[in-house]
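Read the structure below first, then the notes.
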Amino acid sequence: MKHYILTTFVLIIILCASALAEDNYGEKVVAMTILGEARGEGKAGMYAVACVIAQRSIEWKRNGKPITPKQVCLQEWQFSCWNKNDPNRKKLPTLLKTHQHAAYAKMLAANINNLQRNYVGNADHYCHVNTHNKWTRKGKIIKVIGKHKFFKLR
């Protein structure tokens, strides 16, 4: 009986540690996305990108269920810093350790569900101000922050 209780206890600890590690990994992905997309835009631009990630994680669904901020970030062709052809993709883990705003990006990622998304008018898309393509013509620009323009497309 003692062996069973001890085994169960150890299994619970392992499962909890695994869940915490996944949460931490999810926060790292979000923080790297914020840095990869807006590191040159200062804290206001980084906050704005984080708000878009948060908005998407609330609105978007997969099989009827909300998706996590990490899943939002890693969706193909949604954030250019994760595109396979982006030359800066390999730099993301280093940015998380060395960039002057890394701590701020980590803080935003850790608090992604508590951001004031109305800061960007609940925008779910953004791009560089000089980008003019098919999807940018679908929506009205809600806000411009630094070199990014923000849209509500859904």
Side-chain angles (χ1 to χ4, degrees), residues 9-131 133 135-136 139 142-154:
F9 182 70
V10 169
L11 183 59
I12 290 170
I13 290 173
I14 291 170
L15 290 172
C16 288
S18 175
L20 288 173
E22 175 58 29
D23 286 349
N24 192 315
Y25 175 69
E27 286 179 13
K28 286 181 182 178
V29 168
V30 173
M32 285 189 284
T33 304
I34 293 166
L35 286 170
E37 294 289 311
R39 66 185 173 275
E41 297 302 310
K43 289 183 176 181
M46 292 171 65
Y47 190 90
V49 167
C51 287
V52 169
I53 295 168
Q55 187 68 30
R56 288 181 181 187
S57 73
I58 290 168
E59 290 181 353
W60 292 8
K61 309 254 187 271
R62 182 176 291 149
N63 299 324
K65 297 179 182 177
I67 62 175
T68 67
K70 178 186 101 175
Q71 290 171 319
V72 167
C73 292
L74 295 178
Q75 280 191 329
E76 194 170 30
W77 299 108
Q78 295 301 307
F79 295 95
S80 61
C81 67
W82 291 108
N83 291 349
K84 291 176 177 50
N85 63 349
D86 191 309
N88 294 312
R89 182 178 176 178
K90 292 180 182 178
K91 299 176 185 176
L92 292 175
T94 303
L95 286 174
L96 197 56
K97 295 176 185 173
T98 62
H99 194 273
Q100 64 180 352
H101 294 307
Y104 183 67
K106 289 176 189 177
M107 186 275 302
L108 291 173
N111 295 288
I112 195 81
N113 295 318
N114 300 315
L115 302 179
Q116 298 299 313
R117 298 179 322 279
N118 60 353
Y119 177 67
V120 290
N122 293 0
D124 53 17
H125 284 75
Y126 67 92
C127 63
H128 191 276
V129 292
N130 292 332
T131 299
N133 58 26
W135 74 262
T136 62
I142 295 173
K143 194 166 191 174
V144 175
I145 299 172
K147 295 178 186 170
H148 287 141
K149 53 187 175 182
F150 292 82
F151 302 83
K152 178 79 173 162
L153 297 182
R154 292 189 180 193

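Atom set for the values below is all heavy atoms of this structure, side chains included, hydrogens, waters and symmetry mates excluded. The chain is numbered in sequence order, starting from 1.
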Check: Which residue pairs pass the side chain to side chain donor-acceptor pair (under 3.5 Å) test when at least one of the two sits in residues 105-115, sequence neighbours left out?
Finding: none

Side-chain donor-acceptor pairs of residues 40-51 under 3.5 Å, sequence neighbours excluded:
unit_1	atom_1	unit_2	atom_2	d
Glu41	OE1	Lys147	N	2.8
Tyr47	OH	Gln116	N	2.8

Item checked: Qualifying residues under side-chain contact (heavy atoms from CB on, under 4.5 Å), relative to Asn85, sequence neighbours excluded -> Trp77, Asn83

Note to self: Applying ring-ring contact (aromatic ring centres under 6.0 Å, His included), can you list everything that pairs with Phe151, at least two apart in sequence or on another chain?
What the structure shows: Trp135

Checklist line | Which residues share a side-chain hydrogen bond (donor to acceptor under 3.5 Å, both in side chains) with Lys152, sequence neighbours left out | finding: Glu59

Checklist line | Heavy-atom check, side chain of Ile112 versus side chain of Ser57, under 4.5 Å | finding: no

Notebook entry, point to check: Under 3.5 Å, side chain of Asp124 to main-chain N/O of Leu153, donor-acceptor pair present?
Noted result: yes

Margin query: Checking Gln71 now: which residues fulfil side-chain contact (heavy atoms from CB on, under 4.5 Å) with it, not counting sequence neighbours?
Written below: Arg62, Ile67, Thr68

Item checked: Nearest-0.5 Å distance, CD1 of residue Ile58 to CZ of residue Arg117 -> 3.0 Å

Next item on the list: Go through the structure and list residues passing side-chain hydrogen bond (donor to acceptor under 3.5 Å, both in side chains) with Thr131, not counting sequence neighbours.
Entry: none

Checklist line | Cys73 versus Val29, closest heavy-atom pair with distance | finding: CB-CG1, 3.8 Å

Notebook entry, point to check: Phe150: what forms a ring-ring contact (aromatic ring centres under 6.0 Å, His included) with it, not counting sequence neighbours?
Noted result: Tyr126

Next item on the list: Anything under 30° is parallel, anything over 60° is perpendicular, the rest tilted; go ahead and classify His125 against Trp60.
Entry: tilted

Item checked: Residues Ile34, Ile53; criterion side chain to side chain contact (heavy atoms under 4.5 Å, CB included); working and verdict -> CA-CA 9 Å; Ile34 293 166; Ile53 295 168; 4.1 Å; yes

Next item on the list: List the atom of Ile142, the atom of Val120, and the distance in Å for their closest heavy-atom pair.
Entry: CG2-O, 3.7 Å

Checklist line | Residues in side-chain hydrogen bond (donor to acceptor under 3.5 Å, both in side chains) contact with Arg56, at least two apart in sequence or another chain | finding: Gln78

Which donor-acceptor pairs under 3.5 Å do side chains of residues 89-99 form with protein atoms, sequence neighbours excluded?
unit_1	atom_1	unit_2	atom_2	d
Arg89	NH1	Trp82	O	3.2
Lys91	NZ	Asn88	OD1	3.2
Thr98	OG1	Thr94	O	2.9
His99	ND1	His101	N	2.9

Margin query: Measuring from atom CD of Glu76 to atom NZ of Lys84, what distance do you get when rounded to the nearest 0.5 angstrom?
Written below: 5.5 Å

Next item on the list: State the CE-CG distance between Met32 and Leu74, to the nearest 0.5 angstrom.
Entry: 8.0 Å

Item checked: Closest non-hydrogen atom pair between Ala109 and Ala31, with its separation -> CB-N, 3.7 Å

